[in-house]
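Here is the naming used below: chain letters follow the sequence lines, and residue numbers restart at 1 for every chain.
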Protein chains: 2
Amino acid sequence: MPDITDQRFTPHDHRRCIKAAVAEATRICNERNGRLTEQRKRVLELVWGSHQPIGAYTILEQLRSEGFNGAPPTVYRALEFLLDHGLIHRIESLNAYTGCSHPGDEHTGQFLICSRCHEVTELDDPAVSRAITHSSASIGFAATHQVIEIRGLCSHCQALPHDQ
Amino acid sequence: MPDITDQRFTPHDHRRCIKAAVAEATRICNERNGRLTEQRKRVLELVWGSHQPIGAYTILEQLRSEGFNGAPPTVYRALEFLLDHGLIHRIESLNAYTGCSHPGDEHTGQFLICSRCHEVTELDDPAVSRAITHSSASIGFAATHQVIEIRGLCSHCQALPHDQ
DNA sequence: TGAAAGTTGTTATACTATAACATAACAACC
DNA sequence: GGTTGTTATGTTATAGTATAACAACTTTCA
């Protein structure tokens, strides 16, 4: 049964999400003297504007369609900045980027990727992190960073007929 | 303190590991009418021969140095076959491939990747899988496949001076 | 103002992966 | 044994992802 409170499937003005994300990012960057330049902000908006993880070259295309006349390194640099400041995440198994749903604090999220609609939900369940840290430690491995990307069907898509 | 029983750091004849892996793969392929051809077997050996995850193009280079005169698709096809039969794993965060340490049964491993020596240890801790499945289910997500890649320092490298 | 640091522009190239179609090897059957 | 359908491999070209290296510009702050 789909969770009708789920923002992704509730009719909502997504532009608000984007604005909120940018506002939050601005606050965070101010705090630590990171410069959220126009380009970086624009890339952040594009990442948030997509309901799915977005690739670097798709971002580049969109920038170009807006009159920007740049090359891949510009996009990768902006992405690097945003990653460094915890404002977006990279999804390794998709070579794509997605907005961080609670930026600011250091964390490596856990991502649920729907195989059908391709939306990504970020979880940050301490129980999962703990299980992994514990399991690693049991063989003497000191974990510093976790890549956790889960495939499956989101609640919304489970409720749909299979052939849709 | 390094675990001196750890096969990776115990002096051992790694050719034996490779032979064992190939023997096991042969058995599994026979069971299910998969054809472990010479090329596929050779790729499997190269994957096992590397103490670190190995990239497709590195495999290609090695094949070429043995007189093989092929192109990328050949390697990718062999890798696909080996993946399909659960004989190797792909490490998403490295775009590289590593031997499966207990092939045969369906599973998605958990990988501990040492940032220093780059060796990979495969874990299959049910507690971790369970934590993830449980956490996913709590928001209605039905997980089918897990990508879990943990960075950190293996016990061996922790024991070394930092600057080595 | 001028030096240092940070950001962006620009060109070229490296690395990873697959599409599409041709050929060859194999297995099973008549 | 030849025929046929299937699987595997060869081959060429190209798509997709990412970075190196160096030049030019901006910002900051002494």
Side-chain angles (χ1 to χ4, degrees), chain A residues 25-26 29-47 50 52-64 66-85 87-98 118 147 149, chain B residues 25-26 29-47 50 52-64 66-85 87-98 118 147 149:
Chain A
T26 305
C29 286
N30 281 342
E31 250 177 28
R32 32 172 118 171
N33 285 329
R35 283 163 56 189
L36 190 63
T37 62
E38 272 311 306
Q39 284 204 62
R40 289 166 174 174
K41 192 193 290 185
R42 191 73 201 102
V43 170
L44 181 61
E45 285 168 353
L46 289 173
V47 170
S50 168
Q52 303 170 4
I54 188 174
Y57 278 75
T58 305
I59 293 172
L60 182 57
E61 265 175 37
Q62 298 199 16
L63 288 176
R64 281 182 170 155
E66 299 173 358
F68 170 82
N69 207 337
T74 301
V75 174
Y76 281 101
R77 284 166 184 153
L79 291 171
E80 191 186 10
F81 174 89
L82 298 170
L83 285 168
D84 284 349
H85 289 77
L87 303 172
I88 62 173
H89 290 289
R90 173 176 161 82
I91 308 293
E92 296 291 341
S93 58
L94 295 175
N95 296 328
Y97 305 83
T98 193
H118 302 114
V147 173
E149 299 171 8
Chain B
T26 304
C29 286
N30 280 342
E31 250 177 27
R32 32 172 116 173
N33 284 329
R35 282 162 58 191
L36 189 63
T37 61
E38 271 312 304
Q39 284 204 62
R40 289 166 175 172
K41 192 194 291 186
R42 190 72 200 103
V43 170
L44 181 61
E45 285 169 353
L46 289 172
V47 170
S50 168
Q52 304 170 4
I54 187 174
Y57 278 74
T58 306
I59 293 171
L60 183 57
E61 264 175 40
Q62 299 200 16
L63 287 176
R64 281 181 170 155
E66 301 173 358
F68 171 82
N69 206 336
T74 301
V75 173
Y76 281 102
R77 282 166 184 155
L79 291 171
E80 191 185 10
F81 174 88
L82 298 171
L83 285 168
D84 284 349
H85 288 77
L87 303 172
I88 62 173
H89 290 289
R90 175 178 158 82
I91 308 294
E92 296 292 341
S93 59
L94 296 176
N95 296 329
Y97 305 83
T98 194
H118 304 113
V147 173
E149 297 171 9

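The separation between B:Q39 atom CD and C:dT23 atom C1' is 14 Å, rounded to whole Å. Following rounding to the nearest Å, A:L60 (CG) and C:dG9 (C1') show an atom-to-atom distance of 13 Å. With rounding to whole Å, B:L79 atom CG is found 15 Å from D:dA8 atom P. The interatomic distance linking B:L36 (CG) with D:dT7 (P) rounds to 17 Å, in whole Å. The interatomic distance linking B:I54 (CD1) with C:dC15 (P) rounds to 15 Å, in whole Å. The distance from atom CG of A:L94 to atom C1' of C:dA17 is 15 Å, rounded to the nearest whole Å. To the nearest angstrom, C1' of D:dT17 lies 12 Å from CD of A:E92.
By the side-chain hydrogen bond (donor to acceptor under 3.5 Å, both in side chains) test, A:Q39 pairs with no residue at all, sequence neighbours left out. Applying the side-chain hydrogen bond (donor to acceptor under 3.5 Å, both in side chains) rule to A:Q62 yields no partners; only residues at least two apart in sequence or on another chain are considered. Evaluation of the side chain to side chain contact (heavy atoms under 4.5 Å, CB included) rule for B:E61 yields no partner, not counting sequence neighbours. The salt bridge (Lys or Arg N to Asp or Glu O under 4.0 Å) test applied to B:E92 returns B:R90, not counting sequence neighbours. Take B:A96 and apply the side chain to side chain contact (heavy atoms under 4.5 Å, CB included) test, not counting sequence neighbours, and it matches B:P53, B:L94.
Smallest separation of non-hydrogen atoms from A:C29 and A:L87: SG-CD1, 4.1 Å. In this structure, A:I88 and A:L83 approach most closely via the heavy-atom pair O-CD2, 3.5 Å.
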Considering only nitrogen or oxygen atoms on both sides, find all protein atoms under 3.5 Å from nucleotides 3-7 of chain C and state each distance.
residue: C:dT7; atom: OP1; partner: A:R40; partner atom: NH1; Å: 3.1
residue: C:dT7; atom: O5'; partner: A:R40; partner atom: NH2; Å: 3.4

Strictly under 3.5 Å: I want the nitrogen or oxygen pairs between protein and nucleotides 18-23 of chain D, one per line.
residue: D:dA18; atom: OP1; partner: A:R90; partner atom: NH1; Å: 2.5
residue: D:dA18; atom: OP1; partner: A:R90; partner atom: NH2; Å: 2.7
residue: D:dA18; atom: OP2; partner: A:Y76; partner atom: OH; Å: 3.1
residue: D:dA18; atom: O5'; partner: A:Y76; partner atom: OH; Å: 3.4
residue: D:dA18; atom: N7; partner: A:Y57; partner atom: OH; Å: 2.7
residue: D:dA18; atom: N6; partner: A:Y57; partner atom: OH; Å: 3.2
residue: D:dA21; atom: N6; partner: A:R77; partner atom: NH2; Å: 3.2

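Counting only residues at least two apart or on different chains, no salt bridge (charged side-chain N to carboxylate O under 4.0 Å, His left out) pair has a member in residues 70-85 of chain A. Residue pairs satisfying the side chain to side chain donor-acceptor pair (under 3.5 Å) criterion with at least one member in residues 29-38 of chain A, sequence neighbours excluded, are listed as follows: A:R27-A:E31.
Nearer to the 5' terminus of DNA chain D, by closest-nucleotide assignment, is the contact made by B:E38 (compared with the other of B:A71 and B:E38).
Here A:T74 reaches the OP1 or OP2 of C:dG9: one of its side-chain N or O atoms lies under 4.0 Å away.
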